Amino acid sequence: MESKYLQKFYDKSPTERIAALQSAGILDAEAAATLQKGLTLPQEIADNMIENQLSTYDLPYGVALNFLIDGKDYAVPMAIEEPSVIAAASAGAKIIAMAGGFRTTIEKRIMIGQVALKNVPDSSVAQQLIESHQQEILQAANAAHPSIVKRGGGARRVSVRILPADDVEGIPAFLVVHLHVETLEAMGANIINTMMEGVIPYLERLTGGEALMGILTNYATDCLATAECRIPSSLLGRGTLSGDEVRDRLIEAYQFAYIDPYRAVTNNKGIMNGIDAIVLASGNDWRAISAGAHAYASRNGQYRSLTTWKKAENGDLLGSLTLPLPVGAVGGSINFHPAAKMTKEILGYRSASELESIIVSVGLAQNFSAIKALVTEGIQKGHMGLHSRSLAISAGATGDEIEQLSERLKSEKNMNLATAQALLAQIRLDEPHV
Ligand code: MEV
C-alpha cells in the first residue's frame, strides 16, 4: 500500500517527488541522482538509432502510483503527453489495491513468425508434407539463430493455415506456415525474422511453392497476458450514487462497449492510454502492442471492448483484461535508452513476464478509472482540471503564471485558448511580467 513518503505526491515538485521515491525505497541514490539530472538521450546515441536524425523529441516522464500486482507494490513509469492519464491510472489502481490488488496470469511467451507461400501446386499435400517434416523445419529455423537455442529458447512448433483464393477481389490462395518460437526475455523480432528467412528455401523445396515473405506477426496470440480484479461495491459509491448503482453502471458501460464498435474504440483507446505510455517508457515497441491489441479486440469478428466487467455472485464487481503482450525485458533500446533503463530500475522487474503483468494491470486500472468517471460525474471535470495547465502553457504563460492562470481557468465556463489568452493578459496587467 501507499508509502507515507508518497502521500500527496502530485502536490510535490519533481525534485521532491524523486526524493520521495528514494525515501520510499523505490529508487537508490544513483538512480535518484540520474533522474535529478534528467533523462536526456545523448545526441550520439540518437544519431545511431535512426536514419536522418536531427534532434530528440521529449515527452513528460512520470509515475502512476498505488499498483498492487500479485502481492507486490509498484510505481509505474509512463511517458505520455495526455494530462489525465497518470492521475486516472493512480486513482483506479488505488481502489483496486484497497480491494486486494490485481491478479495476473501469463500463460506462455511464444512469438509467431509467418512465411507466406504462393503458387503452391496442391495446398492439402503441402500441408501434410509440412506437418510430417516439422522436425526438419524446426531444425532449419534453429540453425538460422543458434544463440537463442544455446540460451534455452528456439523454434518449438510449426502450424499451417490455408488461405483460399478470393476470386471476387482477385486475391490468389496463400499457404501460410507459422513458426512458434520461444524468445525468452527478448521480444524477439530479429530472432524470428532471421528464422523465417532461414526456413524459406526448405519450405519452397518441400511445397513447390514460392515464398512471398517471411516475417514476425505482431498478432501474438501465443503471448497473452491477463489481469483481473475483484472490487466490493462498498468501494464504488460516488456522490449521490450508491456503490451498487455505480457497479451496475460500470457493467452497463462494458456492455455498451461490447456491442458497439464506436464506443469500443474509445473504450480501448483509454486502455491503450496507459498501456502505450508504460510500453514506451519501458523501451518496447508500442506500435506493435497497439496493433496486436486492436486485432485481438476483433478476434470474434466484431471489434469489442478489451476489458470485461461483470457482477460476482456476492455482488462484487469483477474486472478482467486479456491482450497479447509481446514485450521484451532485454534487447533494442531497453539496454541503452536512459529512460528505458530508468523504467527497469523503478519497476525492478526481473522478467519479461513480470513486465507483462504490470502492463496488463495498468490497462485494467485505466479502463476502470475512465468508465467510472464516465458513468458518474462525467469525464470533463477531471480532464479539464488537468487540461488547464496545458492550456495555460499554450496561451504563453511561464513560471508562476502557469499555476495562476490554470487556477483561474478552472472556474471559467468556457475553458479554451481564447479565454486563457484573455485571462493571461489580465494577469499581466495586474502583475506586470518580467
Ligand atoms: C481519453 O483519452 C480516454 C477516454 O475517452 C476513455 C474512455 O472513453 O473510456 C476517457
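This is a predicted model, so every value here is computed, not measured. Ligands are counted one by one from 1 in listed order, and the atoms in each one are counted from 1 as well.
No side-chain donor from either of N414 and N416 sits under 3.5 Å from a side-chain acceptor of the other. Side-chain contact of S90 with N66: a donor-acceptor pair under 3.5 Å is absent, judged by distance alone. Using modelled atom types and a 3.5 Å distance limit, the side chains of S282 and N284 yield a donor-acceptor pair.
Per-residue contacts place G270 under 4.0 angstrom from the following atoms of ligand 1 (heavy atoms of the residue considered): 3 (C), 6 (C). Atoms of ligand 1 lying under 4.0 Å from any heavy atom of L374, numbered from 1 in the order shown and given with element: 7 (C), 8 (O), 9 (O). Near E82, meaning under 4.0 Å from one of its heavy atoms, ligand 1 places the atoms 1 (C), 2 (O). Residue N267 has at least one heavy-atom neighbour below 4.0 Å for each of these atoms of ligand 1: 9 (O).
Contacts between N273 and ligand 1, counted as non-hydrogen atom pairs separated by less than 4.0 Å, involve the side chain only.
Taking the side-chain hydrogen bond (donor to acceptor under 3.5 Å, both in side chains) definition, one finds that Q421 meets it with nothing, sequence neighbours left out.
Looking only at heavy atoms of the protein, atom 5 (O) of ligand 1 is closest to T266 CG2, 3.6 Å. If you check which protein heavy atom lies closest to atom 10 (C) of ligand 1, you get I379 CD1, 3.7 Å.
Judged by the shortest distance from any of its heavy atoms, R263 lies inside the 4.0 Å radius around the atoms of ligand 1.
Between the side chain of S305 and the main chain of A257, no donor-acceptor pair closer than 3.5 Å is present. In this structure, T322 contributes its side chain and T226 its backbone to no donor-acceptor pair below 3.5 Å.
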